[in-house]
**Q** 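Sending over a structure as structure tokens; questions will come in a sec.
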2 protein chains.
Amino acid sequence: MITIKDIAEIAGVSIGTVDRVLHNRGRVSTTTKASILSIVKEKGYRKNIVASQLSNNKRTVFAVIMPLPHQNDYFWDLIKEGIETGKEKLGFFKIDLQYFFYDRFDKHSYEIEFKKAIAIHADGFLIAPVVADQAIKYKSLIREDQKVVLINSDLPNFSRISHIGQNSYDSGRTAAKLMSQIIEESGTIAVIEVEPEDYHINIRARGFKEYIRKNTDSTVKTYMLPVENHLAEYEKTVEKMTYENRDLIGLFVPNSSVHYFAEMLKDIKIIGYDLVEANTRMLESGNIDFLLNQQPAKQGELALESLFKNIVLVEDVKEFQFLPIEIICRENLESYKLGGKNE
Amino acid sequence: MITIKDIAEIAGVSIGTVDRVLHNRGRVSTTTKASILSIVKEKGYRKNIVASQLSNNKRTVFAVIMPLPHQNDYFWDLIKEGIETGKEKLGFFKIDLQYFFYDRFDKHSYEIEFKKAIAIHADGFLIAPVVADQAIKYKSLIREDQKVVLINSDLPNFSRISHIGQNSYDSGRTAAKLMSQIIEESGTIAVIEVEPEDYHINIRARGFKEYIRKNTDSTVKTYMLPVENHLAEYEKTVEKMTYENRDLIGLFVPNSSVHYFAEMLKDIKIIGYDLVEANTRMLESGNIDFLLNQQPAKQGELALESLFKNIVLVEDVKEFQFLPIEIICRENLESYKLGGKNE
DNA sequence: CTGTTAGCGCCTTCAC
DNA sequence: GTGAAGGCGCTAACAG
């Protein structure tokens, strides 16, 4: 592995000069610059980040903008954990994390937190843009040289180095496949949808419905997820669902709120999302048949790793990083709880 | 973060002395040693590996001892890939990998390769001890100060810093749960077992059988996996299986050879293991219903990471690291192929 | 037994 | 424009 000193020697200049052209700072005569660059290219020079980090005294700071951890049944807490372990792994590299949690149900919250994040002049942003319209509205506050990674859901025309998430459509289809296997005969299957802003959730619902229609004799019927997080609202929805469909055999809830429904519904097959505490309990008790998982922790970890790779190591990062669609039932649940972090 | 220099200052000694006690090299008076250690503890000193690596000129070398990558339908190649990406992530840290591939079907191969591995005086060993008896027989050749990580299967009384694998019993139960869901009525389910030396495979079979017996009305019947990898042998087994059981409704193959069976058997439900090429093709075509995955790549990566952590960073590593039991069907297969490494 | 010193490869400041 | 020099934190060799 060639070093900056080697280059200097070959070019017949000092390491200071080499450094200058490598970082595009200070003035260097065009001739020496060209000669240095050609050596760099020819010899395949890559900077030694270990040395670089040691010497470099500035810390790189990342702003994490995401919903309050407790929202969506603590789903976001899992993401946060992953970000944390990502930082852990980066060990002695000088990176700072600053969190900005917004209330996803409060219209103004995103703006407030986002502007706070802008103010710290971070080198990179890790954003979970659940409130799509808001995220798009303020995105121009991010400077060109600040890198962003979008996590969990993607946004069109949002300039970012990477999006980390899951293929929502296939995920819905996977749920449908399972549903079709576990129902004993055909009937009506209820599908929950959500407010349009959270569109990747609805894509799951679409994948589910299209699969069921194409591959089974069952019918699907759509119900809206209560906007207010009150038990009474869920009860109303469940009542309506059961009243309207005497032949109700299954329910698909494309997000973490499946446990609310599972608690009230017996004798039908239920498939939902996310290994949040409330859901895993229902899975264990048998009220929920399958949960799909989107590896929130892994998403967080990958997101941080990607920012680091792009900003600190100055390496390219894949524009899309889709994680596996994980299927969880009672029998393999334990193996997921441990998550490779046991004992 | 406190540095070695800070400690020296506080203790009123030179950094050389501090270094000596931290590395247990050279003689240091008991008093100064005690005082330094107390400061270390009190201030929570952790060595800066970035600086350490930069300064340290010796490379640490790991010996990887595993079956030939192409064996078991290229399963081991997946493990190897994981080890490789693990190394990739360790980037500029000076670690060397040396592979020693043994032929798992050749009695003497393990001994030969293992002795070669011993000869390089590695700092750590990453061993996949499929041939349990051999591995145990020669383990004493490893020195006390050499750390070992066992991957894929574990060995009793084998002194190792960590075992990385999967809970075989639960994995069998998970397969059984799926089988019980997809069969339409009861009948006979064939289960394949293997030579006893590969015992974790048979534990899967046991988990499967016990679940089926307890939770369904179906019967299970055991057949042995052909020792010789000839198509004719598989054909014989399949013939026997179908001839003996007119009501054959399902087949469980607890390892990667499921595709041989799937190719010949129609109209029954089939569950097997591992996302090797031959199997994923059968999953796509519908001949196999579910595959369980044991994250071979992740296993490899974790194993390398664990060695690194323990040897280079001198940090503790969990003794058991069990990975999730992953369920794959046609609909989520694509998401696993990408494996977060796409685009 | 203990202190000093010269690097590891890169970055930054200062002087010419 | 360019070079020289000091330092990041740790290691290892050398001198007492």
Side-chain angles (χ1 to χ4, degrees), chain A residues 1-37 39-40 43-60 90-96 123 311-315, chain B residues 1-37 39-40 43-60 90-96 123 311-315:
Chain A
M1 196 91 276
I2 187 173
T3 76
I4 190 174
K5 193 169 140 198
D6 300 329
I7 298 181
E9 225 159 83
I10 301 175
V13 295
S14 77
I15 58 169
T17 308
V18 177
D19 184 76
R20 251 160 248 137
V21 349
L22 288 177
H23 293 82
N24 265 317
R25 59 171 152 246
R27 284 141 292 273
V28 182
S29 80
T30 28
T31 32
T32 61
K33 180 168 180 177
S35 106
I36 287 171
L37 284 179
I39 296 171
V40 164
K43 304 284 184 181
Y45 168 81
R46 287 178 58 199
K47 91 163 153 193
N48 182 331
I49 34 130
V50 171
S52 170
Q53 275 290 311
L54 181 61
S55 133
N56 204 338
N57 268 318
K58 67 162 161 294
R59 309 180 67 86
T60 64
L90 264 21
F92 270 86
F93 294 101
K94 298 162 187 146
I95 73 164
D96 285 334
D123 301 286
I311 296 177
V312 180
L313 309 191
V314 199
E315 287 180 18
Chain B
M1 196 93 275
I2 187 172
T3 76
I4 190 174
K5 195 170 140 197
D6 299 328
I7 298 181
E9 224 158 84
I10 301 175
V13 296
S14 77
I15 58 168
T17 309
V18 177
D19 183 76
R20 250 161 249 136
V21 350
L22 289 178
H23 293 82
N24 264 320
R25 60 167 153 250
R27 280 142 292 275
V28 181
S29 80
T30 27
T31 34
T32 61
K33 180 169 181 176
S35 106
I36 286 171
L37 284 179
I39 296 171
V40 164
K43 304 285 184 182
Y45 168 81
R46 288 179 57 200
K47 89 163 154 194
N48 182 330
I49 33 129
V50 171
S52 170
Q53 276 290 313
L54 182 61
S55 135
N56 204 336
N57 268 316
K58 70 164 160 289
R59 311 180 66 86
T60 65
L90 264 23
F92 270 86
F93 295 101
K94 297 160 188 145
I95 74 165
D96 285 335
D123 302 286
I311 297 177
V312 181
L313 308 192
V314 199
E315 287 180 19

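Keep in mind it's a predicted model, so treat the numbers as computed, not measured. In what follows, every chain begins at residue 1, and chains take the letters A, B, ... in the order their sequences are listed.
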**Q** Could you tell me whether the side chain of A:K43 reaches within less than 4.5 Å of the side chain of A:D6, counting heavy atoms only?
**A** no
**Q** Do B:V314 and B:R46 have side-chain heavy atoms sitting under 4.5 Å apart?
**A**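 The answer is no; the side chains never approach within 4.5 Å.
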**Q** From CD of A:E9 over to C1' of C:dG9, roughly how many Å is that when rounded to an integer?
**A**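 It is 14 Å, rounded to the nearest whole Å.
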**Q** Quick one: B:I36 CD1 to C:dG3 C1', roughly how many Å, whole number?
**A** 12 Å
**Q** Considering only heavy atoms from C-beta outward, does the side chain of A:T3 approach that of A:N48 to under 4.5 Å?
**A** no
**Q** D:dT2 phosphate, OP1 or OP2: any side-chain N/O from A:T17 under 4.0 angstrom?
**A**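 For D:dT2, OP1/OP2 do not have a side-chain N/O of A:T17 under 4.0 Å.
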**Q** Using a cutoff of under 3.5 Å, can you pull out all pairs of nitrogen or oxygen atoms linking the protein to nucleotides 13-16 of chain D, with atom names and distances?
**A**
none

**Q** Mapping B:V13 and A:R25 to their closest nucleotides on DNA chain C, which lands nearer the 5' end?
**A**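 Per heavy-atom nearest nucleotide, the more 5' residue is B:V13.
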**Q** Check whether any side-chain nitrogen or oxygen of B:T32 sits under 4.0 Å from OP1 or OP2 of C:dC1, and answer yes or no.
**A** no
**Q** State, to 0.1 Å, how close A:D123 and A:I311 come at their nearest heavy-atom pair, and which atoms those are.
**A** O-CD1, 3.4 Å
**Q** Within a radius of less than 6.0 Å around CZ of B:R59, do more than 12 heavy atoms belonging to other residues, nucleotides or ligands occur?
**A**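 More than 12 within 6.0 Å, yes.
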**Q** Taking the side chain as everything from C-beta on, heavy atoms only, tell me whether A:I7 gets closer than 4.5 Å to A:V40.
**A** yes
**Q** I'd like to check A:L54 versus B:Q53 (side-chain heavy atoms, cut-off strictly below 4.5 Å). Are they in contact?
**A**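 They are not in contact (no side-chain heavy atoms under 4.5 Å apart), so the answer is no.
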**Q** How close do A:Y45 and A:I2 get, heavy atom to heavy atom, and via which atoms?
**A**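 Closest approach of A:Y45 to A:I2, heavy atoms only: CD1-O, 3.3 Å.
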**Q** Could you list all N or O pairs between the protein and nucleotides 8-10 of chain D that sit under 3.5 Å apart?
**A**
from: D:dC8; atom 1: O2; to: A:L54; atom 2: O; distance (Å): 3.3
from: D:dC8; atom 1: O2; to: A:S55; atom 2: N; distance (Å): 3.0
from: D:dG9; atom 1: N2; to: B:A51; atom 2: O; distance (Å): 3.1
from: D:dC10; atom 1: OP1; to: B:Y45; atom 2: OH; distance (Å): 2.6
from: D:dC10; atom 1: OP1; to: B:N48; atom 2: N; distance (Å): 3.3
from: D:dC10; atom 1: OP2; to: B:I4; atom 2: N; distance (Å): 2.6
from: D:dC10; atom 1: O2; to: B:S55; atom 2: OG; distance (Å): 3.1

**Q** Are A:K47 and A:I4 close enough that some pair of their side-chain heavy atoms sits under 4.5 Å apart?
**A** no
**Q** Got B:V18 and B:K5 here, is their nearest side-chain heavy-atom distance under 4.5 Å?
**A** no
**Q** What I'd like to find out is whether the side chain of A:K94 reaches to under 4.5 Å of the side chain of B:M1, using heavy atoms alone.
**A** no
**Q** What does B:K58 touch in the nucleic acid at a heavy-atom separation under 4.0 angstrom: a base, only the sugar-phosphate, or nothing?
**A** sugar-phosphate
**Q** Have a look at the helix from C:dC1-D:dG16 to C:dC16-D:dG1 and give the angle its two end axes make, five pairs each, rounded to 10 degrees.
**A** 50°
